[in-house]
Each structure stands twice: as structure tokens, then as C-alpha cells.
Amino acid sequence: AQLNNGTNLNYAIVMWDVTETSTLLSTLTAPVVLYRESATIFGVSAMAYDDAAGVLYVATASQSGVANQTTSGYAYKVEKFTLNITTPSLTLVQVANKPFVERSSATKCISSMIVAD
């Protein structure tokens, strides 16, 4: 049931094995739910991975259960996780129980992120 899409995976981060069989076709297998907590993530809109630091940044709705965050005035936030691909495991990193980037007028709709120097 944990891996069933009917079991609220809209607030989960799932890791899959990806096999690219051609330039147009890939197969996803062996799903592992790394994190599931609706108070922290809900409706992930973008992710960026910092391979050098082993950190995954996740843009997510800041108010769980609200279908349209932007028109409801909630904006989005960015959470920071340490990711161990080998284990695999994902650990939330917060200081003083706050997200990495708090919601604001500058985070109304996050659709992509990159990690760069």
C-alpha cells in the first residue's frame, strides 16, 4: 500500500531505478519511498540535487491540502534534505523548525530550480 499512487504519494518523495533502453524510452522499477510527511511536503513542483554536497532541494506547497497555492495566497517554500543514494535515505534539514526558503511573494510559483556555482 505504501507504493500505491492511491495512498497519497502527492506528499512523498520516491526514488526509482531508471533503465534507459533508448533515447526515447526508459523503464522505472524498484520504487522506494524516501520521505512522506504532508506537513513538510505537499505537491512537489521542482527538485534540484547538489551531487557535491549530497543535498536535495525540494520546492513544495507551503499549505498542505490546498489545490492552488498561488491563487490562495500561500506561495511555495523550499525544503532541504540530505540524500544518501547508497542506503537510500533522505533526511530533512531544518534550522529552528523552518524551511530552507520560507514562502514569500518571491516564491509564488516555483516550476524549476538548479544548483550552480
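Worth knowing before you read on, the calculation uses all heavy atoms, side chains too, and leaves out hydrogens, waters and symmetry mates. Numbering starts at 1 and runs along the sequence shown. As the structure is a computational prediction, the values presented were derived from the model and not from experiment.
- Between Val18 and Ser26 the shortest heavy-atom distance is CG1-CB, 4.1 Å.
- Of the residues Val101, Ile114, Val115, the one that meets the side chain to side chain contact (heavy atoms under 4.5 Å, CB included) test with Tyr57 is Val115.
- Considering every non-hydrogen atom in both Gly54 and Tyr49, the closest pair reads CA-OH, 3.8 Å.
- In this structure, CD1 in Ile110 is found 9.0 Å from OG1 in Thr60, a value given to the nearest 0.5 Å.
- A pairwise comparison of heavy atoms in Lys77 and Thr40 identifies NZ-O, 3.0 Å as the closest pair.
- Relative orientation of the Tyr35 and Phe81 rings is perpendicular, given thresholds of 30° and 60° on the angle between their planes.
- In plain terms, the two heavy atoms of Asn84 and Thr86 that are nearest each other are OD1-N, 2.9 Å.
- When all heavy atoms of Pro88 and Met15 are compared, the pair lying nearest together is CB-SD, 3.6 Å.
- Taking CG of Leu34 as the start and CD1 of Ile13 as the end, the distance is 7.5 Å to the nearest 0.5 Å.
- Closest heavy-atom contact between Val14 and Val33: CG2-CG2, 4.2 Å.
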Tabulate below the donor-acceptor pairs under 3.5 Å that side-chain atoms of residues 90-99 make, not counting sequence neighbours, or state none.
unit_1 : atom_1 : unit_2 : atom_2 : d
Gln94  : NE2    : Glu79  : OE1    : 3.1
Gln94  : NE2    : Glu79  : OE2    : 3.3

